[in-house]
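Before any comments, here is the structure.
Each chain gets a letter, A, B and so on, in the order the sequences are listed, and its residues count up from 1.
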2 protein chains.
Amino acid sequence: MNTTTLTALAEPNRLHIIELIRDRGPLTIGDIANRLELNQPQTSKHVRVLHEAGLVEVQPAANRRIIKLRTEPFQELDHWLESFRSMWDDRLDRLDEYLRDIQGLDHSD
Amino acid sequence: MNTTTLTALAEPNRLHIIELIRDRGPLTIGDIANRLELNQPQTSKHVRVLHEAGLVEVQPAANRRIIKLRTEPFQELDHWLESFRSMWDDRLDRLDEYLRDIQGLDHSD
DNA sequence: TTAAATTATTCCTTGAAAGGAATATTCCAA
DNA sequence: TTGGAATATTCCTTTCAAGGAATAATTTAA
């Protein structure tokens, strides 16, 4: 697991930005600032960090920037958590294996 | 999602400690320090942070402390990721739903 | 009780990250 | 081309986390 993703998410305002976009869909810097009651400069800065960490995609549209979630970092995080899942849920693991069997998918890992 | 978990994991050495315990099982402060080539004081400090964040359980044994992983924070992180999963894998979501159906489990959430 | 091993704590310094305030930049509309 | 809206950047200050070094505390063994 890489720590850039975690570092980016560890700041409360940035986490809120991520969850906001997750819930409301792509948003503008101004939208984010308004909804989260942040100043515009700090919003830009936080979004920059999120972008540099690859958590977010920035799509210019005229005057504005539309901020979208990227999937890869969350997939990576999810994959990382796989290695812990057996700690707390063997049953689901076995079901997952069974599921893959009946779906005829490869599970050679 | 709470940021204490993320903050604790965002520090590289602490992340290494977590992954080390995940892979090797419960370890002593000294074991961790040796394997990760950390000084003992910093190891103690990092483990303290991990413990205060609830990521780790500390079990005294005579002179030593045995450090174990706790499951809850990882479960919470996993649960948080659920809300993102539909972004990248609708198929698995549908399979999961199907799975719950044939298992006769409650899925009223 | 003393010594040795293991771990915890304290003190200090340094670097980085975050917010505020001001200003710069970019882009469209008129 | 000028004005206004949206966003970016810079500069400054403050706070906080991390490492190093030294030392304290705890536990067992002898």
Side-chain angles (χ1 to χ4, degrees), chain A residues 1-21 24-70 73 77, chain B residues 1-21 24-70 73 77:
Chain A
M1 186 54 203
N2 82 19
T3 56
T4 29
T5 299
L6 295 168
T7 304
L9 292 174
E11 205 283 326
N13 289 318
R14 285 197 294 264
L15 188 63
H16 288 147
I17 293 176
I18 292 293
E19 291 176 328
L20 180 64
I21 300 180
R24 308 267 191 245
L27 289 176
T28 283
I29 297 283
D31 290 339
I32 297 170
N34 287 334
R35 289 188 188 266
L36 300 185
E37 300 185 355
L38 299 175
N39 296 327
Q40 176 269 316
Q42 353 294 344
T43 306
S44 282
K45 292 177 197 171
H46 281 310
V47 167
R48 175 140 85 119
V49 174
L50 290 172
H51 182 236
E52 287 169 351
L55 286 168
V56 133
E57 180 186 349
V58 177
Q59 180 177 310
N63 226 0
R64 334 202 155 171
R65 309 259 167 144
I66 298 176
I67 316 300
K68 304 181 173 185
L69 282 192
R70 290 188 69 249
L77 195 48
Chain B
M1 186 54 203
N2 83 20
T3 55
T4 29
T5 300
L6 295 168
T7 304
L9 292 174
E11 206 282 328
N13 289 317
R14 285 196 294 264
L15 188 63
H16 289 148
I17 293 176
I18 292 293
E19 291 177 328
L20 179 65
I21 299 180
R24 308 268 192 246
L27 289 176
T28 283
I29 296 283
D31 290 339
I32 297 171
N34 287 334
R35 289 187 188 267
L36 300 185
E37 299 185 356
L38 299 174
N39 296 327
Q40 176 269 315
Q42 354 293 345
T43 305
S44 282
K45 291 177 197 171
H46 281 311
V47 167
R48 174 141 87 120
V49 173
L50 291 172
H51 182 236
E52 287 170 352
L55 286 168
V56 132
E57 181 186 349
V58 178
Q59 179 178 312
N63 224 0
R64 334 201 156 169
R65 309 256 166 148
I66 299 176
I67 316 300
K68 304 181 174 184
L69 283 191
R70 290 187 69 249
L77 195 49

To the nearest 0.5 Å, what is the distance between CD on A/Gln40 and CD1 on A/Ile29? 7.5 Å
Rounded to whole Å, how long is the line connecting atom CD1 of B/Ile17 with atom C1' of D/dG19? 14 Å
Closer than 4.0 Å, any side-chain N/O of A/Arg48 to the OP1 or OP2 of D/dT9? yes
Separation of C/dT7 atom P from B/Asn39 atom CG, nearest Å, is 14 Å
A/Lys45 (side chain) and D/dT10 (base): donor-acceptor pair under 3.5 Å: yes
Out of curiosity, A/Glu11 CD to A/Leu50 CG, how far, rounded to the nearest 0.5 Å? 9.0 Å
Side-chain touch B/Leu69/B/Val56, heavy atoms, less than 4.5 angstrom: yes
Taking only N and O in the side chain of B/Arg14, is any of them less than 4.0 Å away from OP1 or OP2 of D/dA18? yes
Given atom CZ of A/Arg65 and atom C1' of D/dA5, what is their separation to the nearest angstrom? 14 Å
Between B/Pro41 and B/Val49, which is nearer to the 5' end of DNA chain D once each is assigned its nearest nucleotide? B/Val49
Any B/Arg64 side-chain N or O less than 4.0 Å from OP1/OP2 of C/dT7: no
Separation of atom CG in B/Leu6 from atom C1' in D/dA17, rounded to whole Å: 17 Å
Under-4.0 Å side-chain N/O to phosphate OP1/OP2 contact, B/His46 with D/dG19: yes
Indicate, yes or no, whether a donor-acceptor pair under 3.5 Å links the base of D/dA6 to the side chain of A/Gln40. no
Taking only side-chain N and O atoms of A/Asn63, does any of them lie within less than 4.0 angstrom of OP1 or OP2 on C/dT26? no
Could you state the atom-to-atom distance from CD of A/Gln59 to P of C/dT26 in whole Å? 20 Å
Among C/dC28, C/dA18, C/dA8, the one nearest any side-chain atom of A/Ala62 is C/dC28
Which pair of heavy atoms, one from A/Thr4 and one from A/Ala53, lies closest together, and at what distance? O-CB, 4.1 Å
Roughly how many Å is it from CD in A/Gln42 to P in D/dC11, rounded to a whole number? 16 Å
Counting heavy atoms from C-beta on, name the nucleotide in D/dT26, D/dC11, C/dT7 closest to the side chain of B/Ile29. C/dT7
Do A/Thr28 and A/Ile67 come close enough that some side-chain heavy atom pair is under 4.5 Å? no
Measure CG/B/Asp31 against C1'/C/dT7 and give the value in whole Å, please. 13 Å
Look at all strands and tell whether A/Thr28 reaches a base, only sugar-phosphate, or nothing, counting heavy atoms closer than 4.0 Å. sugar-phosphate
Side chain of B/Glu11, base of D/dA17: donor and acceptor closer than 3.5 Å? no
For atom CD1 of B/Ile66 and atom C1' of C/dT6, their distance in whole Å: 13 Å
